[in-house]
Amino acid sequence: MNAYAPILVLGALGAGFAIFSVVSATLIGPKRYNRAKLEAYECGIEPTPTPAGGGRFPIKYYLTAMLFIVFDIEIVFLYPWAVTFDALGIFGLVEMLIFVLTVFVAYAYVWRRGGLEWD
């Protein structure tokens, strides 16, 4: 348990600071509400009413999000691999090359299908 004590103390300090910041901003901050402040802000454009079931988003938004997730996961795997590169040897190099090649094939497919073009 002694090994985890600094991590728990740091987590408690972080949570305490976050709670203190939110509460103090609510109590001390100015409270001048008006109609313009309470409206939704959409890049300076007047908000338009949405249909009852919600508006439909183009599929390109979802493709972009999925590409971000794929490359984010790739980076998550690349950092530990880079740290232990010497210990893994040639096996680790071949495995990472296969992984990067798989991600590159997915990227090339999306690029070829026009998923990166904003029409």
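Because only heavy atoms are used, hydrogens play no part in the values below, and waters and symmetry mates are left out as well, while side chains stay in.
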Connected via hydrophobic side-chain network under 4.5 Å: Leu101 and Leu78: no
Residues clustering with Tyr4 (ILVMFWY side chains joined when closer than 4.5 Å, directly or via others): Ile7
Kindly work out whether a path of hydrophobic side-chain contacts (I/L/V/M/F/W/Y, heavy atoms less than 4.5 Å apart) joins Ile98 to Ile75. yes
By the ring-ring contact (aromatic ring centres under 6.0 Å, His included) test, which pairs, at least two apart or in different chains, include something from residues 70-89? Phe71-Tyr107, Phe77-Phe99, Trp81-Phe85
Check for me, please, whether Leu97 and Phe104 land in the same ILVMFWY cluster - side-chain distances under 4.5 Å, paths through other members count. yes
Is there a chain of hydrophobic side chains (I, L, V, M, F, W, Y, each step under 4.5 Å between heavy atoms) that links Val100 to Val76? no
Hey, could you give me each pair passing ring-ring contact (aromatic ring centres under 6.0 Å, His included) that has a residue in residues 17-40? Not counting sequence neighbours. none
Could you check whether any side-chain heavy atom of Leu93 comes within less than 4.5 Å of a side-chain heavy atom of Leu88, counting everything from C-beta outward? no
Straight-line distance of Thr102 OG1 to Glu74 CD, nearest 0.5 Å: 10.0 Å
Please identify which of these residues, Ile28, Thr26, Leu27, meets the side-chain contact (heavy atoms from CB on, under 4.5 Å) condition with Ser24. Ile28
